[in-house]
Amino acid sequence: MNVLVTGGAGYIGSHTCVQLIEAGMTPVIFDNLYNAKAAVLDRIEKVAGKRPEFIQGDVRDKSALVAALKTHDIHSVIHFAGLKAVGESVEKPLEYYDNNVNGTLVLVDAMRAVGVKHLVFSSSATVYGDPASVPITESFPTSATNPYGRSKLMVEECLTDFQKANPEWTITLLRYFNPVGSHPTGEMGEDPQGIPNNLMPFVSQVAVGRRDFLSIFGNDYPTPDGTGVRDYIHVMDLADGHIAALKRLNHRKGLHIYNLGTGNGSSVLDMVKAFELASGKQIPYKIVDRRPGDIAECWADPSKANKDLGWAATRSLQDMTTDGWKWQSLNPEGYPE
Ligand code: NAD
Ligand code: UFG
């Protein structure tokens with residue numbers, strides 16, 4: 001089965017391509033390389049034993065998408081492409097709505113034009129806003145507190161309306177919690193450009209000596225140690241969730257929504273300790289003010305995905321930090337240019 005993977009050169013997309021190949025499927029990557037390097041293709045080939053087809057293109061370019069879908073006889077699309085930095089989205093809302101919302105509308109329009117009717121969309125736990133309680137089930141109310149989150153919510157709503165009007169389509173919204181870690185070989189991993197926004201890439205850059213210390217954003221949250229609690233999930237488990245969605249749902253027309261998380265919450269200090277253990281390095285940190293917009297705690301109830309998709313996260317916190325460290329220590333500056 002040929003699968004178009006938009007954003008397939010990025011962090012989650014590249015790991016998913018490896019697992020698609022492992023599962024006997026054929027990924028075709030469609031990415032404009034805005035936030036990725038072409039070297040990732042060499043690494044996918046090295047790890048999976050097969051080089052995916054690569055099309056450098058923008059998801060807002062309908063004719064390029066139509067050509068890709070037709071030429072490669074695509075059966076399903078996994079749509080990772082988009083912008084994802086919360087802070088940047090506040091500064092550049094138009095760019096976020098254009099890439100994330102308009103990009104998805106153009107993609108669906110292109111799929112409709114060629115009759116491809118299976119879509120998996122990368123959504124986010126951010127659509128739950130500040131949840132009233134944890135763990136979070138898929139039926140919790142949704143809300144957005146910044147343009148990035150609002151773009152995910154808008155896409156979810158557009159796709160829901162579209163599927164309702166086109167009941168022969170299968171559309172799956174996967175709400176990711178906090179993906180971390182890397183391929184266990186250390187050949188592939190997260191390679192943020194500039195100062196990392198997210199906790200684990202920052203921690204690994206401190207461990208490898210690229211940054212002096214970690215700033216912990218607040219230790220006065222109503223959590224066991226006062227620092228923010230999240231549901232960190234190994235990127236390989238997350239990748240497997242996509243394979244499960246393709247395998248289990250392609251024959252079930254409808255709009256499906258799943259949380260992809262482990263069901264466990266870990267604090268910032270838990271993650272720092274786990275990373276110190278995995279790397280043998282000390283992670284110096286300073287407690288600073290809370291980051292505006294952050295919530296105290298957020299973790300998934302993943303039982304719906306367990307039941308319907310036969311999928312559950314199997315990799316431990318130690319796997320996440322050990323694999324994350326392997327990638328960072330073997331590739332201190334990320335992928336080569
Ligand atoms: P990433 O930035 O590593 O990957 C996104 C890829 O999309 C990049 O390779 C980039 O070059 C490409 N891209 C961006 N705009 C494009 C466009 N207009 N046309 C074609 N390609 C384009 O991000 P990621 O962490 O792999 O995230 C993948 C998806 O998952 C995103 O939609 C993101 O919002 C979502 N998500 C990520 C997280 C997370 O913490 N990483 C959490 C929840 C949801
Ligand atoms: N944190 C720090 N210092 C840092 C970075 C983060 O203390 O330098 C803390 C945050 O305050 C938070 C925790 O580490 O308590 C996790 O923060 P991240 O930025 O790694 O992750 P978030 O949960 O804030 O957000 C991430 C993605 C969003 C996505 C959300 C839910 O960045 O895009 O998970 O999936 F929407």
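For ligands, and for the atoms within them, numbers begin at 1 and follow the listed sequence.
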For ligand 1, is [X] a contact, meaning one of its heavy atoms is under 4.0 Å away?
{"X": "Gly103", "value": "no"}
{"X": "Gly8", "value": "no"}
{"X": "Asn178", "value": "no"}
{"X": "Ser123", "value": "yes"}
{"X": "Arg175", "value": "no"}

Compute the centroid of each ring, for [X] and then for [Y], and state whether the two points are separated by less than 6.0 Å.
{"X": "Phe177", "Y": "Trp299", "answer": "no"}
{"X": "Tyr176", "Y": "His242", "answer": "yes"}
{"X": "His15", "Y": "Phe80", "answer": "no"}

Are the side chain of [X] and the backbone of [Y] linked by a donor-acceptor contact shorter than 3.5 Å?
{"X": "Asp61", "Y": "Ala64", "value": "yes"}
{"X": "Arg210", "Y": "Pro332", "value": "yes"}
{"X": "Asp191", "Y": "Tyr335", "value": "yes"}
{"X": "Ser303", "Y": "Asn306", "value": "no"}

Open item on the list: I'd like to check which ligand 1 atoms, numbered from 1 as shown, lie under 4.0 Å from a non-hydrogen atom of Ser122.
Closed with: 29 (C), 30 (O), 32 (O), 35 (C)
Check each heavy atom of [X] against ligand 2 and say whether those closer than 4.0 Å belong to the side chain, the backbone, both or neither.
{"X": "Asp294", "value": "side chain"}
{"X": "Cys298", "value": "neither"}
{"X": "Leu199", "value": "both"}
{"X": "Met200", "value": "neither"}
{"X": "Tyr232", "value": "side chain"}
{"X": "Tyr148", "value": "side chain"}

Open item on the list: Could you tell me, atom by atom, which parts of ligand 2 come under 4.0 Å of a heavy atom of Ala125?
Closed with: 31 (C), 35 (O)
What residue and heavy atom of the protein are closest to [atom], and at what distance?
{"atom": "atom 24 (P) of ligand 1", "value": "Lys84 NZ, 3.7 Å"}
{"atom": "atom 36 (F) of ligand 2", "value": "Ser124 OG, 2.6 Å"}
{"atom": "atom 33 (C) of ligand 1", "value": "Tyr148 OH, 3.7 Å"}
{"atom": "atom 17 (C) of ligand 1", "value": "Asn32 ND2, 3.3 Å"}

Which one of [options] has a non-hydrogen atom at the shortest distance from [atom]?
{"atom": "atom 10 (C) of ligand 1", "options": "Asp31, Leu260, Asn99", "result": "Asp31"}
{"atom": "atom 28 (C) of ligand 1", "options": "Tyr34, Phe80, Tyr11", "result": "Phe80"}
{"atom": "atom 24 (O) of ligand 2", "options": "Arg291, Arg290, Lys152", "result": "Arg291"}

Task: Co-membership, hydrophobic cluster, residues Val101 and Phe30, 4.5 Å side-chain - done: yes
Task: Same cluster (ILVMFWY, side-chain, under 4.5 Å), Ile243 and Met1 - done: yes
Check this for me: [X], atom [atom1], are more than 12 non-hydrogen atoms of other residues, nucleotides or ligands nearer than 6.0 Å?
{"X": "Lys304", "atom1": "NZ", "value": "yes"}
{"X": "Lys37", "atom1": "NZ", "value": "yes"}
{"X": "Tyr285", "atom1": "OH", "value": "no"}

Open item on the list: Going by side-chain contact (heavy atoms from CB on, under 4.5 Å), Val28 matches just one of Thr71, Ile74, Val77. Which one?
Closed with: Ile74
TODO: Would you mind telling me if ligand 1 is within reach of the side chain of Glu190, the backbone, both or neither, using heavy atoms under 4.0 Å?
DONE: neither
